[in-house]
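Note sheet for the following structure.
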Amino acid sequence: MKKTYRIIAFVLVIMMSLSTVAFAAVPPPADDIQSSRYIASKNAAVTAMGGGTIRIDYSVTAYYTIDELGACQINLYKSTGQLMKTYYSSAYASMMGYNCVTHSGHVTYPGTVGTGYYAVIAFYAEDGGIGETKSISTGTTICT
C-alpha cells in the first residue's frame with residue numbers, strides 16, 4: 001500500500017512539473033518592428049526613363065479607407081549620398097490622397113546620364129486626427 005502511494009505521489013509530481021511551462025521572451029520578427037497602425041504596404045522605385053529623365057514611382061496601401069494617405073516627402077539622392085531634390089506634398093498636391101485605401105503616383109527629375117540615383121520616400125497616413133509616418137529607400141538606378 002505504501003508503495004502505491006509513493007508511485008501516485010511520484011506521478012503527481014511529474015505531472016505537475018510538466019504542466020508548468022516557462023515561456024522565454026522572444027523578440028518580435030523584424031517585420032513587426034516596422035508594424036504600422038494604418039499602412040499595410042508601401043513600395044517605391046527609381047526608374048531611368050531615357051533622355052536623362054529619372055522617374056520615382058511610389059504606392060502605399062492602408063488596411064482600410066482612411067482620411068489621408070500618400071507620400072509626404074520624397075528625397076532624391078545621387079548614389080554618393082548627395083541630396084539632389086526634395087519633393088513635399090505641400091507643393092505637389094497629387095502626392096497625397098484623401099478618403100482612400102490606396103494611393104500611388106510619381107515625380108520626375110532631370111538627371112545626369114551615367115549618374116546613379118536613389119530615393120527615400122516618407123509615407124504619411126492619418127485617420128481620425130491620428131497620423132503616422134513610415135519611410136522606405138529604393139535601390140540605385142543609373143540615369144540613361
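FYI, the numbering just counts along the sequence from 1. Keep in mind it's a predicted model, so treat the numbers as computed, not measured.
- Distance check, rounded to the nearest 0.5 Å: NZ of Lys85 to CG of Leu76 gives 9.5 Å.
- Nearest heavy-atom pair across Cys143 and Ala48 is CA-CB, 4.1 Å.
- Here the closest heavy-atom approach between residue Ala119 and residue Ile74 is recorded as CB-CG2, 4.4 Å.
- Contact annotation: the side chain of Glu126 never approaches that of Ile66 to less than 4.5 Å [non-hydrogen atoms, C-beta and beyond].
- Between Tyr38 and Tyr64, the ring planes lie perpendicular to each other; the angle is over 60°, past the 30° to 60° tilted range.
- Note that OG of Ser137 is 7.5 Å distant from CD1 of Ile121, once rounded to the nearest 0.5 Å.
- Hydrophobic cluster membership differs between Val120 and Val107, with clusters built from Ile, Leu, Val, Met, Phe, Trp and Tyr side chains linked at under 4.5 angstrom.
- Both Tyr87 and Phe123 sit in one connected hydrophobic cluster of ILVMFWY residues. Membership requires side-chain heavy atoms under 4.5 Å apart, directly or through other members.
- Between the side chains of Thr102 and Thr61, a donor-acceptor pair is found at a separation under 3.5 Å.
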Step by step, would you call Ile54 with Thr47 a side chain to side chain contact (heavy atoms under 4.5 Å, CB included)?
-> CA-CA 6 Å; Ile54 292 293; Thr47 307; over 6 Å; no
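- Cluster membership for Tyr77 and Ile136, using ILVMFWY side-chain heavy atoms within less than 4.5 angstrom, is not shared.
- Residue Met49 is not grouped with residue Tyr92 when hydrophobic side chains (ILVMFWY) are merged at heavy-atom distances under 4.5 angstrom, including chains of intermediate members.
- What you find for Ile39 and Glu132 is that their closest heavy atoms are N-OE2, 3.4 Å.
- Rounding to the nearest 0.5 angstrom, the gap separating the OG atom in Ser90 from the CE atom in Met96 is 11.0 Å.
- Between Gly129 and Asp67, the shortest heavy-atom distance links the atoms N-OD2, 4.4 Å.
- In terms of modelled atom types and a separation under 3.5 Å, the side chain of His106 and the main chain of Tyr58 share no donor-acceptor contact.
- Side-chain contact check for Tyr117 versus Thr141: every heavy-atom pair is 4.5 Å or farther apart.
- The shortest heavy-atom contact between Glu68 and Tyr98 is CG-CE2, 3.4 Å.
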Could you walk me through whether Ile130 and Arg37 pass the side chain to side chain contact (heavy atoms under 4.5 Å, CB included) test, one step at a time?
-> CA-CA 10 Å; Ile130 300 171; Arg37 176 187 298 248; 4.1 Å; yes
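- Atom OH of Tyr118 and atom OG1 of Thr138 lie 8.5 Å apart (nearest 0.5 Å).
- Considering every non-hydrogen atom in both Gly116 and Ile142, the closest pair reads CA-CD1, 3.7 Å.
- The side-chain heavy atoms of Thr108 and Ile56, taken from C-beta on, include no pair separated by under 4.5 Å.
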